[in-house]
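Read the structure below first, then the notes.
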There are 2 protein chains.
Amino acid sequence: MSAGEVGRARALHVRGMLDVLRHVHLHPETTRAELARDLGLSRGSATEIVARLRALGLVEETAAEPTGARGRPTRAVRRHDRGPVVAAVDVSYETWRLAVAHLGGELEEPRRERHRGQRPEEVLARISEALHETRAAFGTRLRALGVSVTGTVSGGRLVESATLGWRDVDVAARLRIAPLPVVIGNDATMAGVAEARRGAATGADVALHIAIEVGIGGVVLDHGRATVGSTGAGGEFGHLPFGDPDRPCPCGARGCWDLEVDGRALARILGDPPPAAPRSTADAVLRRAGAGDPAARAAVDRVAQNLGRGIGGLVNALDPRIVTLSGLAAAVFDLAGDSVRAAYRSGLMRFRRHDPPPLIRAAFPQDGSLRGAAELAFDTVLSEAGLDSWRADARPAPETA
Amino acid sequence: MSAGEVGRARALHVRGMLDVLRHVHLHPETTRAELARDLGLSRGSATEIVARLRALGLVEETAAEPTGARGRPTRAVRRHDRGPVVAAVDVSYETWRLAVAHLGGELEEPRRERHRGQRPEEVLARISEALHETRAAFGTRLRALGVSVTGTVSGGRLVESATLGWRDVDVAARLRIAPLPVVIGNDATMAGVAEARRGAATGADVALHIAIEVGIGGVVLDHGRATVGSTGAGGEFGHLPFGDPDRPCPCGARGCWDLEVDGRALARILGDPPPAAPRSTADAVLRRAGAGDPAARAAVDRVAQNLGRGIGGLVNALDPRIVTLSGLAAAVFDLAGDSVRAAYRSGLMRFRRHDPPPLIRAAFPQDGSLRGAAELAFDTVLSEAGLDSWRADARPAPETA
DNA sequence: GGGATTATGCTCGTGCAGCGAGCATAATGA
DNA sequence: TCATTATGCTCGCTGCACGAGCATAATCCC
């Protein structure tokens, strides 16, 4: 190389730019003055950092609508119209979805396809195709991929999904697009991230998210960060032995909480055979209970108690500030909230009962996992490496002096 | 104030000094060259930072013993002989202990007193007295206080301790010494911190620590940081409903795991009345089982199964890399390891069974909670605020130019 | 309508901290 | 004795943020 190449490999200090960019991501309508205040920057630094971000095509400044307050009007700092985007994929029971997300979290209308009956390779090939179309449409603006999948994710692989009937599939590898970073996680984990960062648990230091579809998924969020353990499989609360110790679970263990709270539990309590589609069964029972069927009502009540009791135990163990519920958990909570709450309270240690963490419906019942996948994908964009690579892609080759 | 006081309130950039100081804390015998390599510093920066730390009386440099390797011999960077120390207090069932810890983690021989039968105020007054003696001996070298206490800690208070018979005591407030920061936590939490940072779980990204004395304490460690929830009460795994749903727990809930694994469980299984001192009862049963008493042996086996099964569930939910055991959990594991392991494995989800997280004895069965309290106290010293205050105490009043 | 008030934007000089090249130093080994 | 190896130290350089001072642009109030 030429002799003029001194100090090129040097680590760039981009802390300030990242702080500002993350703030813009979390508060899409912001101003320089707000940035300076919230991030503890001087106005001079704010000016300089915003100027650098503008030069990189990451943010734009436009005239802000007048607030009517005194003082020189500020300008709005917004995401750049041609700034970075990420792709978010969610693979669920019968369908998959693919959406593009912008800085600030805005999700474009997702593309959606049914995949029931297809083999994993077929499904993933279709999604990969769609991803390549997205890549073609957005070019280098597409920076990362977040994948949410219903099932247990460990070591970056989908190790087991009873819902999908898949086992040990390297979903991330099959969806990877050339140089883009991929993050993959369980759907409940992803939805929990969305709730903690922009949903019902916004601002909570520690939050517990509980989602029931078939079985229970969940996650603890610590300041918006999912605590997923050493391999990424953390949050499988459904396989805590809260249930009948003799009842075998498809997971291989016995007494799993899973078996006491979903469609399988409702069918069993009602004396019906194990359902082929537990989620639909659950919806049917909930409808009947809502319509006044006493047997259905009793079954829902029983499941509500099992749910509340388990959540009480989890709150004892994990000490969240708030508990968000989605899927069947939210539906049961709607229909039999008193039963859930009563069992929850009586499952709490005494000192917690005077001010228990509230149980709240999730803010994103439909697209939480897509939103969460987008958030985690953006985490890789809003990092030193992500900023460096954006800069490298945006600029022509660096010139030697 | 004088006009020369420009920029005094400015935040000092001390990242490099803190990085080096933390490295010295974790690796007490180090060298400049190692610091530069491990922290990614240039040798020039290492020189400068070490010089600054020396000037502040935080580290010393001495001739290192020759390694026999080629090259200019390096000098050892060690904690300063008159550098900062912290006090660590552990309040347990019958005694309390107070120890002084140095940078690097070395613990001086603890002072120990029995307190059985005394009221909380008396006990804490005695400890406070001892702390003031420590303060008198070490002066401003004493920088922080870490308190470990057996019981549930929430919001900085001891809210409930069945072991001590205390309820809602503001231990931290009663032990605070004038301006020093105080950190307080549950004894199992503190012991877990010690295991994760310097003990059996060193290097594990996520570790689960399980301690049984009376009931179960525990904690998840994430890269050495205790995940204690929103109020600090996280880790009360003993109050997960793994047990008989009808059995009432003194905590107010039912079916708690606590009741299935400690001296109370052993007594119940043996048909004995509830013991007054469950830990001694447990030790006695363990001795009889070790000596070959078949009834005792069967009871220990049963408890071993309850322990293993619960740990399996926790591993499913929390996904640690390793599980460390102490107290009665370690003793049961020694005596009935096969039963613990078998129940553990059969409680795991199938995909985990080919390579389950190992169950390991804790490295600090005796003084883990003291060591952990010292570690957390040192965290406050090895922070920007801690460094600033050390600088302020060490130097005379800043001069105005 | 015109100053007073309030708030934000911009420029510029300053300081800190770390980089890295080059040279000095101090051991081993042939 | 001199090459080799490794560390220590000096020094000029650079990136980044600070903060004072001034410019700018709105509303408020007489």
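Order of the sequence lines sets the chain letters (A, B, ...), proteins ahead of strands, with each chain counted from 1. Nothing here was measured: the structure is a model prediction, and the numbers come from that model.
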Is it true that A/R54 and A/E61 make a salt bridge, defined as a side-chain N closer than 4.0 Å to a carboxylate O? yes
Nucleic acid footprint by protein, nucleotides 4-11 of chain C - heavy-atom cut-off 4.0 Å, B for base, S for sugar-phosphate alone: -SBBBBBB
A/E48 CD to C/dT14 C1', straight-line distance once rounded to whole Å: 14 Å
Less than 4.5 Å apart, side chain to side chain, heavy atoms only: is that true for B/S389 and B/R143? yes
Write down the distance between CG (B/L387) and C1' (C/dA17), rounded to a whole number of angstrom. 14 Å
Gap between atoms CE and C1', on A/M17 and D/dC16 respectively (whole Å): 12 Å
Is any side-chain N of the basic residue among A/E375 and A/R371 closer than 4.0 Å to the acidic one's carboxylate O? no
Just the rounded figure in Å: distance from P of D/dA17 to CG of A/L39. 11 Å
Quick one: sort the B/H25 and B/F378 rings into parallel, tilted or perpendicular, breaks at 30° and 60°. tilted
So, is A/S42 near the phosphate of D/dC18, with a side-chain N or O under 4.0 Å from OP1 or OP2? yes
Quick check for you: to the nearest 0.5 Å, what is the distance between B/L58 atom CG and B/R79 atom CZ? 12.5 Å
Value in whole Å for how far the C1' atom of C/dA17 lies from CG of B/L18: 13 Å
Between A/L221 and A/T227, is there a side-chain heavy-atom distance shorter than 4.5 Å? no
Figure out the CZ/P separation between B/R391 and C/dC16, and round it to whole Å. 11 Å
